[in-house]
Chemist: 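Take this structure first; my questions come after.
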Amino acid sequence: MGLDMYLTGDKYKRTEYDEDFNEINVQYVDGFPLKTQRLELGYWRKHGPLHRFIVENYAGGEDNCRPICLSPDQLLDIAKAIREDKLISNEDSHGFFFGDNEWWDELRNEREEHAQTFEKAAEWVSNEDTKEYWHTVEYQASW
């Protein structure tokens, strides 16, 4: 048991129509039209300081395991906070589900990798193909 943290991206296909307004270029999966693809952009386990930082700054402090939509600027702000070690302190991230000091120190040593994950997500959501697709990114935790 513990905190599982997911950064996901949804790639939505825009509906296309022919001159008679019939839907075209439809892909089917198991007999149903495919409208979106869900991508795993990042995953963390019991990274309490990162979780608390995201909840405090982008969910109004409400930690209710609901999806938190993140803009490119917010993703870059998170990357900067990770890289500059400006996450919530260990003391403010306590509890069985959230890990412990030794674990968080290990995760902080991997800060560059984690920061790059958020930067890649920001780039991906910003560089969408506006003719065929649009993108969204969300963070969600569960325990």
Chemist: Give, for atom OG1 of T117 and atom CG of L7, the distance between the pair rounded to the nearest 0.5 Å.
Modeler: 8.0 Å
Chemist: Heavy atoms only: give me the nearest A141-L3 pair and the separation to one decimal.
Modeler: CB-CD1, 3.7 Å
Chemist: Looking at A115 and R83, what are the two nearest heavy atoms and their distance?
Modeler: CB-NH2, 3.5 Å
Chemist: Is any side-chain heavy atom of K13 less than 4.5 Å from a side-chain heavy atom of L34?
Modeler: no
Chemist: Do the side chain of D18 and the main chain of D20 share a donor and acceptor less than 3.5 angstrom apart?
Modeler: yes
Chemist: Could you see if L39 belongs to whatever hydrophobic cluster contains W44? Use Ile, Leu, Val, Met, Phe, Trp, Tyr and a side-chain cutoff under 4.5 Å.
Modeler: yes
Chemist: Who pairs with D10 by side-chain contact (heavy atoms from CB on, under 4.5 Å), at least two apart in sequence or on another chain?
Modeler: Y12, T36, R38, T136
Chemist: Hey, are the side chains of Y139 and H51 touching, using non-hydrogen atoms and a 4.5 Å cut-off?
Modeler: yes
Chemist: Which value, rounded to the nearest 0.5 Å, describes the distance between I54 atom CD1 and L70 atom CG?
Modeler: 6.5 Å
Chemist: Out of curiosity, I68 CD1 to D63 CG, how far, rounded to the nearest 0.5 Å?
Modeler: 7.5 Å
Chemist: Taking transitive links into account, so neighbours of neighbours count too, which hydrophobic residues share a cluster with I24 at under 4.5 Å side-chain distance?
Modeler: none
Chemist: Heavy atoms only: give me the nearest Y28-P33 pair and the separation to one decimal.
Modeler: CD2-N, 3.6 Å
Chemist: Measuring from atom SG of C65 to atom CE of M5, what distance do you get when rounded to the nearest 0.5 angstrom?
Modeler: 11.0 Å
Chemist: Take atom CD of E84 as the centre, draw a 6.0 Å sphere, and report whether it contains more than 12 heavy atoms from other residues, nucleotides or ligands.
Modeler: yes
Chemist: Report the distance from atom NE2 of H47 to atom CD of E106, rounding to the nearest 0.5 Å.
Modeler: 10.5 Å
Chemist: Answer yes or no: are there more than 12 heavy-atom neighbours, outside K86 itself, under 6.0 Å from its atom NZ?
Modeler: no
Chemist: Report, as yes or no, whether the 6.0 Å neighbourhood of atom NZ on K120 holds more than 12 heavy atoms from other residues, nucleotides or ligands.
Modeler: no
Chemist: Are H114 and L50 close enough, and set up right, to give a side-chain contact (heavy atoms from CB on, under 4.5 Å), and what steps lead you there?
Modeler: CA-CA 10 Å; H114 301 305; L50 175 59; 5.6 Å; no
Chemist: Can you get from W124 to Y58 by hopping between Ile, Leu, Val, Met, Phe, Trp and Tyr side chains that sit under 4.5 Å apart?
Modeler: yes
Chemist: Which pair of heavy atoms, one from A79 and one from E119, lies closest together, and at what distance?
Modeler: CB-CG, 3.6 Å
Chemist: Whether K35 and E23 form a salt bridge (side-chain N of Lys/Arg under 4.0 Å from carboxylate O of Asp/Glu) is what I want to check.
Modeler: yes
Chemist: The criterion is side-chain contact (heavy atoms from CB on, under 4.5 Å); which residues satisfy it with Q140, sequence neighbours excluded?
Modeler: P67, E138
Chemist: Identify the heavy atoms of A121 and L41 that sit nearest to each other, and give their distance.
Modeler: CB-CD1, 3.9 Å
Chemist: In Å, rounded to the nearest 0.5 Å, how long is the span from CD of E132 to CD of E16?
Modeler: 5.5 Å
